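For ligands, and for the atoms within them, numbers begin at 1 and follow the listed sequence. It should be emphasised that the depicted structure is a prediction, and the values quoted were computed from it without experimental measurement. For reference, positions follow the sequence shown, starting with 1.
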Amino acid sequence: MPGIYIHIPFCKQACHYCNFHFATSLHYKDELIAGLLKEIDLIPFPSPQVEKGDVNSERMETIYFGGGTPSLLGVDEIQMILNKIQQRFFVSENAEITLEANPDDITDEKLIGWKEAGINRLSIGVQSFFDEDLKWMNRAHNSRQAIGNLQLAIKHFENITIDLIYGTPGLTNEKWKQNVDTTILLNIPHLSCYALTVEPKTPLDKMIRQQQAENINPEKQSEQFLLLMQWMEEAGYEHYEISNFSKPGWRSRHNSSYWSGKNYLGIGPSAHSFNGTERQWNISNNKIYIESINKGIIPFEKEVLTAVQKLNEYIMTSLRTMEGLKLERLNEADADKLKSASRKFIDSGLMRSESNSLFLTKEGKLLADGIAADLFF
Ligand code: SF4
């Protein structure tokens with residue numbers, strides 16, 4: 001079933017490691033929201049998904065407000081966008097509707113408003129419960145807000161996920177355990193964890209090159225990932241995707257649809273869409289996006305995926321999931337090729353084969369991208 005992603009390209013300040021598309025000035029906020037509403041009207045039919053009124057329409061099963069920082073918007077603005085989506089598409093009655101929120105934006109009033117607007121899942125960008133790490137990342141919140149406002153959110157929402165980052169220079173294994181333990185003790189049903197990466201042209205990249213910041217240590221990152229897998233398993237969470245852990249029944253339906261190759265529609269600057277064969281992405285520039293939408297044109301580029309690209313994407317995404325790579329989904333010749341190519345990884349303990357499927361072992365998960373790339377057709 002299809003899903004919708006809405007990109008809200010504004011943030012209070014730039015986190016040092018971030019390479020997403022966002023602006024720190026709210027100068028174009030009103031025009032941008034008007035643009036999002038207009039883009040929803042402009043989506044051509046047949047769209048990558050479906051339009052209301054089509055008898056064959058599938059229902060939208062998930063809606064995801066990401067960014068950027070969607071929690072910077074007013075509740076009325078979130079409501080307006082959701083109303084527009086409801087007008088244009090069939091939205092399933094039990095759709096998962098997620099809002100990414102930063103701890104410093106969370107208040108009682110907003111939590112009540114988000115719930116009334118239809119949001120039923122919060123994704124909170126905690127990253128760490130330690131001030132020195134948050135400062136190092138240049139996050140807008142502090143540890144008091146991280147814990148206090150997370151506790152506040154729990155009073156209003158059951159379906160909560162938080163993001164944590166590991167492998168930062170100041171994060172010892174003890175502090176990492178405290179971050180994970182806090183999540184478990186608060187009974188948060190879903191956790192996404194990312195190793196800090198140094199993306200080109202980010203402030204962190206510049207700081208490391210100018211020796212103003214310590215570089216990341218890959219061995220420490222591997223150690224912290226292995227510890228994380230152990231702690232989450234002991235706490236009863238499923239490691240259902242390489243960066244994602246959930247209590248049984250609390251997986252992210254929206255993100256799971258990306259990993260299982262389902263269609264999705266992206267709205268807003270830099271948002272990506274996929275219809276099974278074509279991938280398209282909107283321009284990553286707020287001003288040009290608004291100007292183009294005002295002229296009635298969605299500014300995007302697209303690529304048509306070849307059969308080989310689709311196969312390689314399946315290898316990459318399926319190996320990252322708990323369900324693994326199902327060889328029955330490949331033709332016999334490709335499945336045989338893949339089986340022999342994976343033999344060396346199985347022999348070295350990085351992969352395992354079971355019920356005609358291939359999986360990464362814990363050690364293999366440390367090298368997921370490299371292994372997938374090696375298996376590409
Ligand atoms: S809040 Fe999120 S999107 Fe914004 S700069 Fe920080 S990491 Fe990037």
> Looking only at heavy atoms, what is the nearest atom pair of I43 and L265, with distance?
Replying inline: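 The pair with the smallest heavy-atom distance is CD1-CD2, 3.7 Å.
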
> Looking at atom 3 (S) of ligand 1, what's its closest protein heavy atom, distance included?
Replying inline: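 Looking at atom 3 (S) of ligand 1, the protein heavy atom closest to it is G68 N, 3.2 Å.
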
> Residues in side-chain hydrogen bond (donor to acceptor under 3.5 Å, both in side chains) with Q13, at least two apart?
Replying inline: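 In terms of side-chain hydrogen bond (donor to acceptor under 3.5 Å, both in side chains), with neighbours along the sequence ignored, Q13 is linked to N138.
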
> Parallel, tilted or perpendicular for Y258 and Y264, by the 30°/60° rule?
Replying inline: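 Y258 and Y264: perpendicular rings.
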
> With a 3.5 Å cut-off and no angle check, do the side chains of N282 and E39 form a donor-acceptor pair?
Replying inline: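 Yes, E39 and N282 have a side-chain donor paired with an acceptor closer than 3.5 Å.
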
>> Which of the protein's N, O or S atoms come within less than 2.8 Å of atom 6 (Fe) of ligand 1, not counting waters?
In response: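 Listed by chain and number: C15 SG.
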
Cut-off 3.5 Å, no hydrogens considered: what does the side-chain donor-acceptor table look like for residues 216-225, sequence neighbours left out?
unit_1	atom_1	unit_2	atom_2	d
N217	OD1	E219	N	2.9
N217	OD1	K220	N	3.2
K220	NZ	T168	O	3.0
K220	NZ	P169	O	2.9
K220	NZ	L171	O	3.0
Q221	NE2	L196	O	2.8
S222	OG	P218	O	3.1
E223	OE2	N173	ND2	2.8
Q224	OE1	G167	N	2.9
Q224	NE2	L171	O	2.8
Q224	NE2	N173	OD1	3.1

Atom pairs and distances, donor-acceptor, side-chain atoms in residues 242-249, under 3.5 Å, two or more places apart:
unit_1	atom_1	unit_2	atom_2	d
N244	OD1	S192	OG	2.5
N244	ND2	E241	OE1	2.9
K247	NZ	N187	OD1	2.4

